[in-house]
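Worksheet: one structure, shown below.
Side-chain atoms are counted along with the backbone in the values below, which use heavy atoms only and exclude waters and symmetry mates. What you see is a predicted model, and the numbers here were worked out from it, not measured in a lab.
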Amino acid sequence: MHMKFDQFGLDQRIVDAIASAGYTVPTSIQQQAIPKVLEGRDVLGLAQTGTGKTAAFILPIIQRLIKGPQRRVRALVVAPTRELSEQIYQTSVALGKNTRMRCVTVYGGVNKKSQVSRLRKGVELVIACPGRLLDLVGDGAIDLWQTEVLVLDEADRMCDMGFIPDIRRIIKILPSKRQTLCFAATMPEDIRR
């Protein structure tokens, strides 16, 4: 049974962006995750890199962000590396291009000033590595109290890289009433907890 992207009930602007990004048929993780995420449920997804998991969480997030308040952080994606953060950002820009959604990447190793100025202009989606995110929270440069969705991407790699204490700190800062999506290739005990 082949599903199509227009069967998820996504806004037409998103469906058009999916087509122009060259996606044709939803992958297995997309078919399984998108409806659940759209319903507002928490999702724990096991997916290897290259299975289309980024679109599996970004599409429903864009759908959520086109309604409701703008210029405040409503969705946060936490990823282990700059490279992955940039990939997620590129996917978000491509799939959100017909909407007014604004997003920013936040990670170390680059000047903080440009990240802070983009945050000040107001964004709905932040894609971040844990260290720099906590740094900006400490500086009072980012406000996460209205975050509606948290995505932990490649959570098993974050575990391996020693980010669990940072992730616990991030979770404490976020509203307890939120949707949480967690994607990993394997499911270590720390992530399960």
Side-chain angles (χ1 to χ4, degrees), residues 33 36-47 53-54 56-58 60-65 68-89 92 101-193:
K36 303 263 186 291
V37 181
L38 286 169
E39 284 168 23
R41 305 203 3 215
D42 290 351
V43 171
L44 190 49
L46 282 178
K53 72 176 159 56
T54 303
F57 60 79
I58 287 298
I61 285 175
I62 298 169
Q63 177 72 23
R64 175 190 280 253
L65 296 179
Q70 297 197 302
R71 296 186 184 276
R72 64 177 68 158
V73 181
R74 292 174 54 207
L76 171 64
V77 178
V78 181
T81 63
R82 284 165 61 161
E83 294 71 34
L84 182 60
S85 299
E86 279 302 327
Q87 281 170 18
I88 297 166
Y89 175 78
S92 305
M101 178 193 75
R102 281 167 297 267
C103 56
V104 66
T105 48
V106 162
Y107 47 73
V110 294
N111 192 316
K112 222 194 284 190
K113 279 199 191 93
S114 67
Q115 295 175 354
V116 171
S117 80
R118 296 232 2 231
L119 286 164
R120 280 213 184 103
K121 288 186 185 125
V123 297
E124 293 83 40
L125 170 61
V126 172
I127 301 149
C129 292
R132 175 60 58 94
L133 179 66
L134 286 166
D135 196 10
L136 292 172
V137 167
D139 292 349
I142 187 168
D143 177 353
L144 299 174
W145 67 279
Q146 298 184 67
T147 307
E148 299 165 25
V149 188
L150 167 66
V151 181
L152 299 174
D153 195 16
E154 298 202 354
D156 45 351
R157 270 182 78 195
M158 290 200 277
C159 216
D160 296 341
M161 292 166 76
F163 284 134
I164 291 294
D166 283 354
I167 288 166
R168 288 208 175 97
R169 282 170 60 202
I170 291 164
I171 288 171
K172 279 198 185 93
I173 298 162
L174 297 172
S176 53
K177 191 177 174 301
R178 61 159 194 278
Q179 183 177 20
T180 304
L181 314 173
C182 183
F183 291 88
T186 61
M187 198 44 65
E189 195 49 47
D190 280 352
I191 306 291
R192 257 179 231 277
R193 280 205 291 279

Any side-chain heavy-atom pair of [X] and [Y] under 4.5 Å:
X: Gln146; Y: Pro175; answer: no
X: Leu152; Y: Phe183; answer: no
X: Leu181; Y: Val37; answer: yes
X: Ile170; Y: Pro130; answer: yes
X: Leu76; Y: Val151; answer: no
X: Gln115; Y: Thr105; answer: no
X: Val126; Y: Cys103; answer: no
X: Leu125; Y: Ile58; answer: yes

State whether [X] and [Y] are salt-bridged, where the test is any N-O pair (Lys NZ or Arg NE/NH1/NH2 against Asp/Glu carboxylate O) under 4.0 Å.
X: Arg102; Y: Glu124; answer: yes
X: Lys53; Y: Asp153; answer: yes
X: Arg178; Y: Glu148; answer: no
X: Asp166; Y: Arg169; answer: yes

Using modelled atom types and a 3.5 Å cut-off, is there a donor and acceptor pairing between side-chain atoms of [X] and backbone atoms of [Y]?
X: Arg132; Y: Tyr107; answer: yes
X: Asp139; Y: Ala141; answer: no
X: Asp42; Y: Thr180; answer: yes
X: Asp156; Y: Ala184; answer: no

side-chain contact (heavy atoms from CB on, under 4.5 Å) evaluation trace for Ile88 with Phe57: CA-CA 10 Å; Ile88 297 166; Phe57 60 79; 4.1 Å; yes

List the steps, then state whether side-chain contact (heavy atoms from CB on, under 4.5 Å) holds for Thr147 with Leu144. CA-CA 5 Å; Thr147 307; Leu144 299 174; 3.6 Å; yes

Atom [atom1] in [X], atom [atom2] in [Y]: separation rounded to 0.5 Å?
X: Met161; Y: Glu154; atom1: CE; atom2: CD; value: 9.5 Å
X: Ile127; Y: Leu84; atom1: CD1; atom2: CG; value: 9.5 Å
X: Met101; Y: Gln70; atom1: CE; atom2: CD; value: 10.5 Å
X: Phe163; Y: Leu134; atom1: CZ; atom2: CG; value: 10.0 Å
X: Leu150; Y: Cys182; atom1: CG; atom2: SG; value: 8.5 Å
X: Leu119; Y: Ser114; atom1: CG; atom2: OG; value: 9.5 Å

Report the C-alpha separation of Lys112 and Leu136 in whole Å, then their side-chain angles, then the decisive distance to 0.1 Å, and conclude whether the side-chain contact (heavy atoms from CB on, under 4.5 Å) test is met. CA-CA 8 Å; Lys112 222 194 284 190; Leu136 292 172; 3.6 Å; yes

Test item: side-chain donor near acceptor, Arg41 and Gln179, under 3.5 Å: no

Shortest non-hydrogen contact between [X] and [Y], atoms and distance:
X: Gly162; Y: Pro165; value: O-CD, 3.5 Å
X: Ala75; Y: Ile61; value: CB-CG2, 3.7 Å
X: Pro80; Y: Arg157; value: CG-CB, 4.1 Å

With side-chain contact (heavy atoms from CB on, under 4.5 Å) as the criterion, how do Val78 and Met158 come out once you've worked through the C-alpha distance, each side chain's angles and the decisive distance to 0.1 Å? CA-CA 9 Å; Val78 181; Met158 290 200 277; 3.8 Å; yes

